[in-house]
Number of protein chains: 2
Amino acid sequence: MTTDDEPRRIQSADRVCDILEYLRDGDQTTVSEVADAVGLSPGTAHTYLATLESRGFVRKRDGKYQLGLALLPYGEHVRLQNNLYQAAKAELHRLAHDSDATAHLMTEYEGRLIVLHEAFGENAIGTEYHPRKRERPQTHLHCTSAGKAILAHLPDYRVARVIEDQGLASYTSSTITDEAELVAELETVRDRGFALNDQEQMHGIRAVGAPIRYDGDRVLGAVSLSGAASNWSGDRFRRDLPEKVMRAANAIEVNLHSEPDEGISPD
Amino acid sequence: MTTDDEPRRIQSADRVCDILEYLRDGDQTTVSEVADAVGLSPGTAHTYLATLESRGFVRKRDGKYQLGLALLPYGEHVRLQNNLYQAAKAELHRLAHDSDATAHLMTEYEGRLIVLHEAFGENAIGTEYHPRKRERPQTHLHCTSAGKAILAHLPDYRVARVIEDQGLASYTSSTITDEAELVAELETVRDRGFALNDQEQMHGIRAVGAPIRYDGDRVLGAVSLSGAASNWSGDRFRRDLPEKVMRAANAIEVNLHSEPDEGISPD
DNA sequence: AATACGTTTTTGCTAATATCAAAAGGAGAG
DNA sequence: CTCTCCTTTTGATATTAGCAAAAACGTATT
């Protein structure tokens, strides 16, 4: 035992996190898969899973383990206590209806996108892109309009770190996978005030995103509007919708300032 | 140490759950509050919180601890993998629009209601009842239309257990707090196929709920529609909306059967 | 059917670690 | 500036998480 500098941790708490994380990313796993994913003996992994199951954090459905329903209220609680969500909720709804598309409120966390809220325009449902395929809820920033809008307003060193940590994975043939190209794109986004995503994350889907800033300084997140590429002709995609999205983002910024509540958001 | 019959547990995993649960129910707590809520020394509690914070499960905002953003994706994952959600999503949206009210998809878990999804009609926003007051996301069954719809189709012994475990807390002056009265009400609900909630959970809010059943047997959850009491006149509240809600519930039941996926939902 | 294999689950034992007390460090009040 | 209260760190120890191996299941395989 050399010098023990790092603050102390509860190893088992980390293990719990590891297990939940693993279940979140994969899904429908077995005891032994979990065991060697987190580096435990099957016996011990079993004890963890049994404990978590009895707490509802994990669910066992015919031999396989998956995340349990009890987690839902936690996510909901986080959402409700989030200022950005509170400030944006109504505006997002309005935006979705006004443009008859799908609107998302997103924020960045550890280099990934987290969806804070989702609103659908009247005829937008079905168009939306959770095609039953259960994608992981966290996406890369570089391939979405909201992500690019956020990146464009993050300080350079943070952008660099995101790229280093997360890489520039290719989702479709249009995804920007080159760092220089991305940096140039971010410049454009910053200048014109909104970001476009032309089937860069998913074929057939276009999106428009605008940043939500605080004090004209920190980016707290972004709003985006997405829909089927076929419905979004040139002008609508490049002019009308961006305008609507930016107006919504602006309205949210105003709301943020008028929130008497506590201080502002994360990180 | 006597005979150790119960299956083994990871005590620290339980502690993690205890802490998260405590943070979910209260909110904005301090180290020492957490410490004696879960029965640990402040020092140890601190180590737990520090670990969980570094994992994003918990967040420290000027000395106070609260649940962290990292939890959101877990809830989202659970929602996306839920069959009932998948089967109901589009229908809920349609219902909300069609009636221009707020629609909820709920399921029962451990005697409480869990919100699986929420959809707003075009003008329904603002009417909705998350009045920034951060209520805990889990509510009693007996005081909501969805809850009553579910209870009405649960076997008697389960209803009895829910009442015993959760009690019949009084939310407003109209809340049913008498067991016999509730049982009678459930009978009515079962007969006519839907449940009403006339300001029983919150003053000024009315709601209509219908159960979602599988095989005409198990209840998987319920759909409900809610809105301002002042907008919902007698006929609309007691006839038109119930009809819409029941139609939606039915459509969802049909979807559930046509899901090729895996088996069906939880306990 | 009977056997063999790959799991999961249980169990005994031990090393690792979660835990407490108490000290040290901060922050806010008087 | 000092006192007090809370958080954070630290040292020492009892508890428990962890492994290995055995037992119990389930499922192929012959």
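Each chain gets a letter, A, B and so on, in the order its sequence line appears, and its residues count up from 1. Keep in mind that the numbers below use all heavy atoms, side chains included, and drop hydrogens, waters and symmetry copies.
- Look at B:His46 and you won't find any side-chain N or O under 4.0 angstrom from OP1 or OP2 of D:dT7.
- At C:dT9, one or more side-chain N or O atoms of A:Lys60 fall inside 4.0 Å of OP1 or OP2 (strictly under the cut-off).
- Rounded to whole Å, the distance from CG on A:Leu40 to C1' on C:dT10 is 17 Å.
- Rounded to a whole Å, the CG atom of A:Asp62 is 14 Å from the C1' atom of C:dT8.
- For the pair A:Ser32 and C:dT8, the criterion of a side-chain N or O lying under 4.0 Å from OP1 or OP2 is met.
- Looking at which nucleotide of DNA chain C each of A:Gln11 and A:Thr44 is closest to, the 5′-most match is held by A:Thr44.
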Under 3.5 Å, N/O pairs linking protein and nucleotides 12-14 of chain C:
{"from": "C:dG12", "atom 1": "N7", "to": "B:Arg8", "atom 2": "NH2", "distance (Å)": "2.9"}
{"from": "C:dG12", "atom 1": "O6", "to": "B:Arg8", "atom 2": "NH1", "distance (Å)": "2.9"}

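- Remark: B:Tyr65 is not in phosphate contact with D:dT7, judged by side-chain N or O atoms under 4.0 Å from OP1 or OP2.
- Between B:Asp14 atom CG and C:dA18 atom C1' there is a gap of 14 Å when expressed in whole angstrom units.
- Looking at B:Thr44 and B:Arg15, their side chains never bring a donor and an acceptor atom within 3.5 Å of each other.
- Each of B:Pro42 and A:Val31 has a nearest nucleotide on DNA chain C; the 5'-most of these lies closest to A:Val31.
- A:Ser41 comes within 4.0 angstrom of a base, heavy atoms only.
- Look at CD1 on A:Ile10: it is 13 Å from P on D:dT16, rounded to the nearest Å.
- Taking a cutoff of 4.0 Å between a charged side-chain nitrogen and a carboxylate oxygen, B:Glu76 and A:Arg79 qualify as a salt bridge.
- Between A:Arg15 and D:dG18 there is a side-chain polar atom (N or O) within less than 4.0 angstrom of OP1 or OP2.
- In this structure, the CD1 atom of A:Ile19 is 13 Å from the C1' atom of D:dG18, given to the nearest Å.
- A:Asp36 has its CG atom 14 Å from the C1' atom of C:dG6, to the nearest Å.
- We find that CD of B:Glu6 is positioned 12 Å from P of C:dT11, with the value rounded to whole Å.
- Distance B:Glu33 CD to D:dT7 C1': 13 Å, rounded to the nearest Å.
- Aromatic pair B:Tyr74/B:Phe57: ring centres closer than 6.0 Å.
- Looking at B:Leu20 and B:Val58, their side chains come closer than 4.5 Å, going by heavy atoms from C-beta outward.
- Applying the 6.0 Å contact sphere to CG of A:Asp156 captures no more than 12 heavy atoms from other residues, nucleotides or ligands.
- We find that A:Arg161 and A:Glu164 are not joined by a salt bridge, their nearest charged nitrogen and carboxylate oxygen being 4.0 Å or further apart.
- Residues satisfying the side-chain contact (heavy atoms from CB on, under 4.5 Å) test with A:Asp215, not counting sequence neighbours, are A:Asp217, A:His257.
- Phosphate proximity of C:dT9 to A:Thr47: absent, as no side-chain N or O sits under 4.0 Å from OP1 or OP2.
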